[in-house]
Amino acid sequence: AWWQEHRPAAVQVPVADLSVTDLRDVEDVLDVDTLGLQEALARAIPAFGGKASHFSAFPHIDTYDIPYPKAFVIPIYYYHQFMVANGFFARVEALLADPNFKNDPAVREAELGKLRDDIRLAPLDATFAAALDEKLDADFPGVRLRFRSSTNAEDLGGFTGAGLYQSATGDPADPLNSYANAVRKVWSSVWRFRAFEEREYRSISHAEVGMAVLIHRSYPTEDASGVAITANIFDTLGVEPGFYINVQKGDTSVVLPPEGIVSDQFIYYFDMPGQPVVYLARSSLVAPGETVLTRGQLATLGEALTAIHLYFNPVYGPNTPEHFFGMDVEFKFDTPAGGGESQLVIKQARPYPGRGR
């Protein structure tokens, strides 16, 4: 009863754009030159989702060459086509009208689990499957890929939707993790119990949620991975600007680390003389006195974070005492297959925490 009384305002979800049917390279998702960034994002998110649309801004940042992986997007249209063709929307409609489903969380969790299982086994449209295979063979022949969720119900003003949906790995050498299975797994994650419950609480219409898929190479052996906020989250007044960075050695998660594992967490004062670093915690996976990132890697990351912050500032900023602005950025450092120095890769950028206008 308390939660219902203190329920937040309903989140308005952009109506899915089902007119876009091409498998689109990220360089062509946003028409920034004609529309400007804000309008370009507003038009892209209904077709390609929040994650893919914000990712697609990287090619347009001209103050710094943002290192992002080659990628393309399956638009929301194909999720909708799949759900209609296999009768899943009708099934969801029946569940939403069922009092047992509505009133009993155990029933909801069980029924949503069955729905996800069936989605993962249902056939893809033959024309879509052929077009996807052609695109993958041309751009990523034989490559292990990451299929990433991108809905029109995330990265919105006041609502990030972080962690609600799942990504999947597609490996042409592994029949159990085929590309087709990866697509269906991502689509099925719309109906995860935690995602459903969060949408219900925020008054988001389940029928209006559409799932696009952002696809790029996977990074199974990265040297370091982390999350950065392009503002000092401990100084919302902006007196001491800095970057909050949370980074760990290898592919160990900084969001849901194993019990007892701690990451490097610090504020990086990139714009101050000497670029000081104030550590809040030290990684338990490196030797005492060592850090996950070198000073050179930090400087490279700082340049990228600065460029991303400045590029999105006209849309989501500025940072003022009344309005905290920062971009939530996912990154990795990865050694190229042929060897050499570990390279920065930017994987995601979204407003933190879902700020918008």
Side-chain angles (χ1 to χ4, degrees), residues 51-52 54-55 58 66-71 140 142-150 154 160 162-174 176-179 181-183 185-186 189 192 194 213-229 243-266 268 279-288 290-298 300-302 304-305 308 327-350 352:
K51 183 181 295 177
H54 285 87
F55 182 100
F58 297 155
I66 302 295
Y68 65 91
K70 175 182 174 65
F140 301 97
V143 177
R144 189 174 185 265
L145 299 172
R146 194 67 175 159
F147 291 66
R148 303 179 64 195
S149 59
S150 181
E154 60 187 321
T160 66
L164 296 183
Y165 308 105
Q166 284 184 311
S167 298
T169 297
D171 188 346
D174 182 358
L176 294 178
N177 292 303
S178 66
Y179 293 150
N181 285 349
V183 171
K185 183 175 181 180
V186 174
S189 72
R192 295 178 76 197
R194 64 183 295 179
V213 185
L214 173 66
I215 302 173
H216 57 67
R217 58 155 289 202
S218 67
Y219 293 86
T221 58
E222 64 257 40
D223 303 313
S225 62
V227 175
I229 310 302
F243 300 139
Y244 170 73
I245 298 174
N246 188 348
V247 63
Q248 183 60 281
K249 179 181 178 181
D251 61 354
T252 301
S253 173
V254 298
V255 179
L256 294 172
E259 185 176 357
I261 300 298
V262 181
S263 57
D264 270 359
Q265 300 167 43
F266 54 90
Y268 181 30
Y279 278 86
L280 309 172
R282 296 280 190 166
S283 171
S284 55
L285 299 184
V286 299
E290 294 185 1
T291 57
V292 174
L293 300 181
T294 67
R295 290 297 300 201
Q297 289 172 329
L298 262 185
T300 299
L301 177 60
L305 295 178
I308 291 169
M327 295 298 292
D328 181 347
V329 179
E330 291 186 18
F331 66 91
K332 295 183 181 294
F333 278 89
D334 184 70
T335 300
E341 291 188 3
S342 188
Q343 302 293 316
L344 173 65
V345 179
I346 302 295
K347 288 185 56 187
Q348 183 172 330
R350 61 183 169 203
Y352 171 88

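Evaluation of the side chain to side chain contact (heavy atoms under 4.5 Å, CB included) rule for Ala228 yields Ile245, Leu305, Phe331 as partners, not counting sequence neighbours. Applying the side chain to side chain contact (heavy atoms under 4.5 Å, CB included) test to Thr291 and every residue at least two apart in sequence or in another chain returns Asp264, Tyr279, Arg282. Partners of Tyr179 according to the ring pair (Phe, Tyr, Trp, His ring centres under 6.0 Å) rule, which considers only residues two or more places apart in sequence or in another chain, are Phe147. Remark: Asp174 pairs with Asp171, Leu176, Asn177 by the side chain to side chain contact (heavy atoms under 4.5 Å, CB included) rule, at least two apart or across chains.
For the pair Ser263 and Val292, the minimum side-chain heavy-atom distance is 4.5 Å or more. No side-chain heavy atom of Arg148 sits less than 4.5 Å from a side-chain heavy atom of Tyr165. Contact of the Val345 side chain with the Glu222 side chain is not registered, since no non-hydrogen atoms from C-beta on lie closer than 4.5 Å. The shortest distance between side-chain heavy atoms of Tyr352 and Val227 does not fall below 4.5 Å. Side-chain contact between Gln248 and Ser283: present, with at least one pair of heavy atoms (C-beta onward) separated by less than 4.5 Å.
Taking CG of Leu293 as the start and OH of Tyr268 as the end, the distance is 10.0 Å to the nearest 0.5 Å.
Residue pairs meeting the salt bridge (Lys or Arg N to Asp or Glu O under 4.0 Å) criterion with at least one member in residues 243-261: none, sequence neighbours excluded.
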Distance-only donor-acceptor pairs under 3.5 Å for side chains of residues 335-344, two or more places apart:
| unit_1 | atom_1 | unit_2 | atom_2 | d |
| --- | --- | --- | --- | --- |
| Thr335 | OG1 | Asp223 | OD1 | 3.4 |
| Thr335 | OG1 | Asp223 | OD2 | 2.7 |
| Ser342 | OG | Asp223 | OD2 | 2.6 |
| Ser342 | OG | Asp334 | N | 3.3 |
| Gln343 | NE2 | Glu341 | O | 3.0 |

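Side-chain atoms of Ser149 do not come within 3.5 Å of backbone N or O of Val186 as any donor-acceptor pair.
Relative ring orientation between Phe55 and His216 is described as parallel, the plane-to-plane angle staying below 30° on a 0-90° scale split at 30° and 60°.
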